[in-house]
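Report on one structure; see the data block that follows.
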Amino acid sequence: MILTRKMLADMLMRYINRQTTLSSLVDWAENMMQEADLESSSFELIRDILARIGLADVREFGLTWDDCYEYLHRLGYDLKIELVQT
């Protein structure tokens, strides 16, 4: 399996939208580091972001909104927030 920038961005969006937990995101990142081939044109970028996400369950590192925003921007995406009344 080749992990692309888009796949990583999609997983970050799943976390932001609370479709996955931090624990699941960390596990996914650790598994991708071990098992996936990283998109060659973005190898270092993907590797660096995955490594940082893999540490997010350690209190000293964590994963903030700003971190997610920065990672998505580095991956070539900008976030647009929409408020929807439930």
Side-chain angles (χ1 to χ4, degrees):
M1 165 187 198
I2 297 176
L3 180 65
T4 66
R5 293 161 59 133
K6 179 167 181 356
M7 293 168 71
L8 178 51
D10 288 345
M11 193 61 170
L12 281 167
M13 286 305 300
R14 287 178 45 85
Y15 173 69
I16 288 170
N17 287 313
R18 298 183 182 229
Q19 296 169 332
T20 193
T21 63
L22 178 61
S23 177
S24 294
L25 179 64
V26 168
D27 288 344
W28 177 83
E30 290 172 348
N31 288 335
M32 291 299 102
M33 285 290 287
Q34 294 174 2
E35 298 173 11
D37 292 322
L38 308 183
E39 181 177 40
S40 60
S41 62
S42 301
F43 178 85
E44 290 181 14
L45 173 63
I46 294 171
R47 182 200 60 206
D48 292 348
I49 293 172
L50 281 178
R52 179 63 176 80
I53 292 171
L55 294 173
D57 58 346
V58 176
R59 185 172 195 183
E60 290 80 21
F61 295 100
L63 184 64
T64 67
W65 166 257
D66 287 337
D67 293 333
C68 292
Y69 184 89
E70 177 192 343
Y71 298 154
L72 288 166
H73 184 75
R74 289 175 58 197
L75 290 167
Y77 296 89
D78 283 322
L79 288 172
K80 182 178 180 181
I81 306 300
E82 181 178 335
L83 180 65
V84 179
Q85 186 174 5
T86 57

Exercise for the section: Measure the shortest side-chain to side-chain distance between Leu12 and Tyr77 over non-hydrogen atoms and say whether it is less than 4.5 angstrom. Expected result: no
Practice task
Would you sort out whether Asp48 and Arg52 count as a side-chain contact (heavy atoms from CB on, under 4.5 Å), showing the intermediate values?
Solution key: CA-CA 6 Å; Asp48 292 348; Arg52 179 63 176 80; over 6 Å; no
Handout entry: Sidechain N-carboxylate O distance under 4.0 Å for Asp10, Lys6
Key = yes
Problem - Closest contact, heavy atoms only, Ala29 versus Gly54 - result: CB-N, 4.0 Å
Practice task
Look at the side-chain heavy atoms of Ile, Leu, Val, Met, Phe, Trp and Tyr, link any pair under 4.5 Å apart, and say whether Trp65 and Val26 land in one connected group.
Solution key: yes
Problem - Over 12 non-hydrogen atoms of neighbours within 6.0 angstrom of CD in Glu44 - result: no
Exercise for the section: Supply the atom-to-atom distance Met33 CE to Ile46 CD1, rounded to the nearest 0.5 angstrom. Expected result: 11.0 Å
Problem - Polar side-chain atom of Ser42 near backbone of Leu45 as donor-acceptor pair, under 3.5 Å - result: no
Handout entry: Pairwise side-chain contact, Phe61 with Ile53, heavy-atom cut-off 4.5 Å (strictly under)
Key = no
Practice task
Check whether Leu55 and Trp28 end up in the same hydrophobic cluster, where Ile, Leu, Val, Met, Phe, Trp and Tyr are linked by side-chain heavy atoms less than 4.5 Å apart.
Solution key: no
Practice task
Assess whether side-chain contact (heavy atoms from CB on, under 4.5 Å) is satisfied between Ile49 and Leu75, documenting all intermediate values.
Solution key: CA-CA 9 Å; Ile49 293 172; Leu75 290 167; 3.9 Å; yes
Practice task
To the nearest 0.5 Å, tell me how far Met11 CE sits from Ser24 OG.
Solution key: 7.0 Å
Exercise for the section: Give a yes or no on this: more than 12 heavy atoms of other residues, nucleotides or ligands lie within 6.0 Å of atom CD1 of Ile81. Expected result: yes
Exercise for the section: I would like to know whether Leu79 and Leu72 meet side-chain contact (heavy atoms from CB on, under 4.5 Å); could you show each step before the answer? Expected result: CA-CA 8 Å; Leu79 288 172; Leu72 288 166; 3.6 Å; yes
Practice task
Go through Leu63 and Tyr71 one step at a time and tell me if the side-chain contact (heavy atoms from CB on, under 4.5 Å) criterion holds.
Solution key: CA-CA 11 Å; Leu63 184 64; Tyr71 298 154; 3.7 Å; yes
Problem - Any donor-acceptor N/O pair, Glu39 side chain to Arg5 backbone, under 3.5 Å - result: yes
Handout entry: Rounded distance [0.5 Å steps], CG in Leu22 versus CG in Asp27
Key = 9.5 Å
Problem - Sub-4.5 Å side-chain heavy-atom contact between Leu50 and Leu3 - result: yes
Practice task
Check whether any side-chain N or O of Arg74 sits under 3.5 Å from a backbone N or O of Tyr69 as a donor-acceptor pair, and report yes or no.
Solution key: no
Exercise for the section: Measure the shortest side-chain to side-chain distance between Met1 and Met32 over non-hydrogen atoms and say whether it is less than 4.5 angstrom. Expected result: yes
Exercise for the section: Verify, without hydrogens or angle tests, whether Asp67 (side chain) and Thr64 (backbone) share a donor-acceptor contact under 3.5 angstrom. Expected result: yes
